[in-house]
Participant: 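Please find one structure pasted underneath; my questions will follow.
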Amino acid sequence: MSAPEAGRPSTDDSRAVRFTTDAPPAGQPGAIRARLPFLRYTLVACAVLALLMVPVAALWRGSTSAAGVAAGIALVVASYLVSGLSVAWADAVNPKMIMPFGLVTYGIKMVMLGVAMSAVAATGWAGLPDLGVAVIVAVIVWTGAHLTWALRTPLPYVQPSGD
């Protein structure tokens, strides 16, 4: 039997179906990197957003606004990067750890974000509203880019044999 194409099911007999993919299995070198292909799309989308929003904010409301927009986009990127890396690491080590690591990472991030935002709000910084708007827009852009990647990426599947 010839080698199966990557991502396509191969059958050794009429009852057994297995997958072959290019991604190294959990515990192997390169396993984490192989689980993060969506980052290219999401990071580029947020970079384009920053290239558009920061100059517009600077022209429209000044340098404080531009700093708020840049900080808001950076917060979203950092937050999603931490989540993505945490979940990819957990999946690469042992896929059963994805949910606990994802939830713990999310909880820690939300607490840290709340503390940081409270500290910034207490200073009375004028760029805070711009930071908030940028966070909302960056979350929409990141989520849209991730969704676009997911819908365009072929995923392996198995069709039941009907036995």
Participant: Would you say that more than 12 heavy atoms from the other residues, nucleotides or ligands in this model lie under 6.0 Å from the OH of Y41, or not?
Facilitator: no
Participant: Over all heavy atoms of both residues, which pair between A50 and P55 is shortest? Give the atoms and the distance, please.
Facilitator: O-CD, 3.7 Å
Participant: Could you work out, with side chain to side chain donor-acceptor pair (under 3.5 Å) as the rule, every residue matching S83, not counting sequence neighbours?
Facilitator: K109
Participant: Please collect all side-chain hydrogen bond (donor to acceptor under 3.5 Å, both in side chains) contacts where either partner lies in residues 64-76, sequence neighbours excluded, each pair once.
Facilitator: S65-D130
Participant: Establish whether L128 and V56 are linked, either directly or via other cluster members, by ILVMFWY side-chain heavy-atom contacts under 4.5 Å.
Facilitator: no
Participant: So does M112 have more than 12 non-hydrogen atoms from other groups sitting under 6.0 Å from CE?
Facilitator: no
Participant: Drop me the distance from L85's CG to T105's OG1, to the nearest 0.5 angstrom.
Facilitator: 10.0 Å
Participant: Could you tell me if the side chain of Y106 sits less than 4.5 Å from the side chain of S86, heavy atoms only?
Facilitator: no
Participant: So W142 and I73, do their side chains get closer than 4.5 Å, heavy atoms only?
Facilitator: no
Participant: Of all residues at least two apart in sequence or in a different chain, which pass the side-chain contact (heavy atoms from CB on, under 4.5 Å) check with M99?
Facilitator: L103
Participant: Determine yes or no for a side-chain-to-main-chain donor-acceptor pair under 3.5 angstrom, with T42 supplying the side chain and L39 the backbone.
Facilitator: yes
Participant: Group every Ile, Leu, Val, Met, Phe, Trp and Tyr by side-chain heavy-atom contacts under 4.5 Å, then state whether V87 and V139 land in the same group.
Facilitator: no
Participant: Do V135 and L113 belong together in a cluster built from hydrophobic side chains that touch within less than 4.5 Å?
Facilitator: yes
Participant: Verify the cluster assignment for L81 and V137: are they in a single hydrophobic cluster under the rule of side-chain heavy atoms below 4.5 Å apart?
Facilitator: yes
Participant: Of all heavy-atom pairs between V77 and C46, which one has the smallest distance, and what is that distance?
Facilitator: CG2-CB, 3.7 Å
Participant: Identify, with sequence neighbours excluded, every residue that meets side chain to side chain donor-acceptor pair (under 3.5 Å) alongside W125.
Facilitator: none
Participant: Of all residues at least two apart in sequence or in a different chain, which pass the side chain to side chain donor-acceptor pair (under 3.5 Å) check with T123?
Facilitator: none
Participant: Which residues pass the side-chain contact (heavy atoms from CB on, under 4.5 Å) test with M97, not counting sequence neighbours?
Facilitator: W89, A90, V93, N94, F101
Participant: Taking all atoms of both residues into account, what is the closest heavy-atom pair of G72 and A134, and its distance?
Facilitator: CA-CB, 4.1 Å
Participant: Could you check if a side-chain atom of V141 sits within less than 4.5 angstrom of a side-chain atom of V48, using non-hydrogen atoms only?
Facilitator: no
Participant: Should W149 and Y80 be regarded as members of a common hydrophobic cluster, given that ILVMFWY residues are connected when their side-chain heavy atoms come within less than 4.5 Å of each other, either directly or indirectly?
Facilitator: yes
Participant: Distance from L36 atom CG to D91 atom CG, nearest 0.5 Å?
Facilitator: 9.5 Å
